[in-house]
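What follows is one structure encoded as structure tokens, with my remarks underneath.
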Number of protein chains: 2
Amino acid sequence: MLNNLDEVFGALSDASRRAMVERLVRGPASVSQLAEPFAMSLPGVVQHLAVLEAAGIVSSHKTGRVRTVQLVPGGLGPATAWIGRQRLPAEARLDRLSVHLSPPEDLS
Amino acid sequence: MLNNLDEVFGALSDASRRAMVERLVRGPASVSQLAEPFAMSLPGVVQHLAVLEAAGIVSSHKTGRVRTVQLVPGGLGPATAWIGRQRLPAEARLDRLSVHLSPPEDLS
DNA sequence: GCAATACTTAAGCACATGCTTAACAATCTG
DNA sequence: CAGATTGTTAAGCATGTGCTTAAGTATTGC
């Protein structure tokens, strides 16, 4: 089985890449749009995006000359799951509590 | 304000360091005990522990000639919190639930 | 068609990372 | 005290990371 935790955590260990993820939470964006807040060359940004894509955090497709990037739903799942497993025994009660909480209700 | 997300995610991006954290969830351990599962020199292990300690994930104290390492409660909190904030709007319902679970409480 | 736009590819460079071995403490044990 | 145990310090090395600039390749709009 392929373990991509190295790539996921590695991708998140860089502030520029985290900022890109934060931007993408608000919706898909082109490479240029993602590059705009940074004092960084476009190739630099593209390299960061490649890291995020290799980690499965982001996906992209090219339409015409524009590459649109978006978050992969659940792309952070492996990271969340791993961290969730490393709770101290003292914190375990909270885990059990969550099991008994009712599933999320319709909040409309 | 100092931002240690780089260090926390960076520390978790290495499989050896994650394995050490997994071991420490089951209780404190000496440097030698932590080193035992690895085909790695002791200085190598100590360097990994230094990364975990710099990230605030682990703490250690030396008694006699033995250094005992343990998890810092809530040391993974910054990572958990950041990931929790990057949920897609579609996943937002889960956020409300997590609000009731996150703060580490006094479990005495 | 021609120029502007939006990337892409390639190469290179400084610095960080993940190890190693060798040598050095410091502490316990018989 | 002598030797074994436990960790530390220092140095070095191969590889990875995070940029850069320069030059190229589609597309699109006039």
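Convention: sequence-line order gives letters A, B, ...; per-chain numbering from 1. A quick note: this is a predicted structure, and the numbers were derived from the prediction, not measured.
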Task: Set of residues satisfying side chain to side chain donor-acceptor pair (under 3.5 Å) with respect to A:Gln47, sequence neighbours excluded - done: none
TODO: Please work out which residues in residues 49-60 of chain B have a non-hydrogen atom less than 4.0 Å from an atom of DNA chain C and list them by number.
DONE: none
TODO: Indicate the atoms forming the closest heavy-atom contact of B:Val45 with B:Ala35, along with that distance.
DONE: CG2-CB, 3.7 Å
Open item on the list: Donor-acceptor pair, distance only, cut-off 3.5 Å: does the side chain of B:Ser30 make one with the backbone of B:Gln33?
Closed with: yes
Open item on the list: For a 4.5 angstrom cut-off between non-hydrogen side-chain atoms, does B:Val72 reach B:Ile57?
Closed with: no
Open item on the list: With a 3.5 Å distance limit and no angle check, can you tell me whether B:Arg17 reaches the backbone of B:Ala11 through a side-chain donor-acceptor pair?
Closed with: yes
Task: side-chain hydrogen bond (donor to acceptor under 3.5 Å, both in side chains) pairs, two or more places apart, involving residues 64-79 of chain B - done: B:Ser60-B:Arg67
- [ ] Report the distance from atom CG of B:Asp14 to atom OG of A:Ser13, rounding to the nearest 0.5 Å.
- [x] 11.5 Å
Task: Covered region of DNA chain C, 5' end to 3' end, by chain B [heavy atoms, under 4.0 Å] - done: C:dG18 to C:dC28
Task: Contact under 4.0 Å: A:His48 side-chain N or O vs D:dC19 OP1/OP2 - done: yes
Can you pull every protein N or O that's under 3.5 Å from an N or O on nucleotides 27-30 of chain D?
| unit_1 | atom_1 | unit_2 | atom_2 | d |
| --- | --- | --- | --- | --- |
| D:dT27 | O2 | A:Arg65 | NH1 | 2.8 |

Task: Reported CZ-to-OG1 distance for the pair A:Arg87 and B:Thr80, which is rounded to 0.5 angstrom - done: 7.0 Å
Task: Side-chain heavy atoms of B:Gln86 within contact of A:Leu76, under 4.5 Å - done: yes
- [ ] Can you sort out which residues in residues 32-46 of chain A have a heavy atom within less than 4.0 Å of DNA chain D? Ascending by number, please.
- [x] A:Ala39, A:Met40, A:Ser41, A:Pro43, A:Gly44
Task: Sidechain-backbone polar pair: B:Arg18 side chain, B:Leu12 backbone, donor-acceptor under 3.5 Å - done: yes
Open item on the list: In the structure I gave you, are the side-chain heavy atoms of B:Leu24 and B:Leu34 within less than 4.5 Å of one another anywhere?
Closed with: yes
Open item on the list: Less than 4.5 Å apart, side chain to side chain, heavy atoms only: is that true for A:Ile83 and A:Phe9?
Closed with: yes
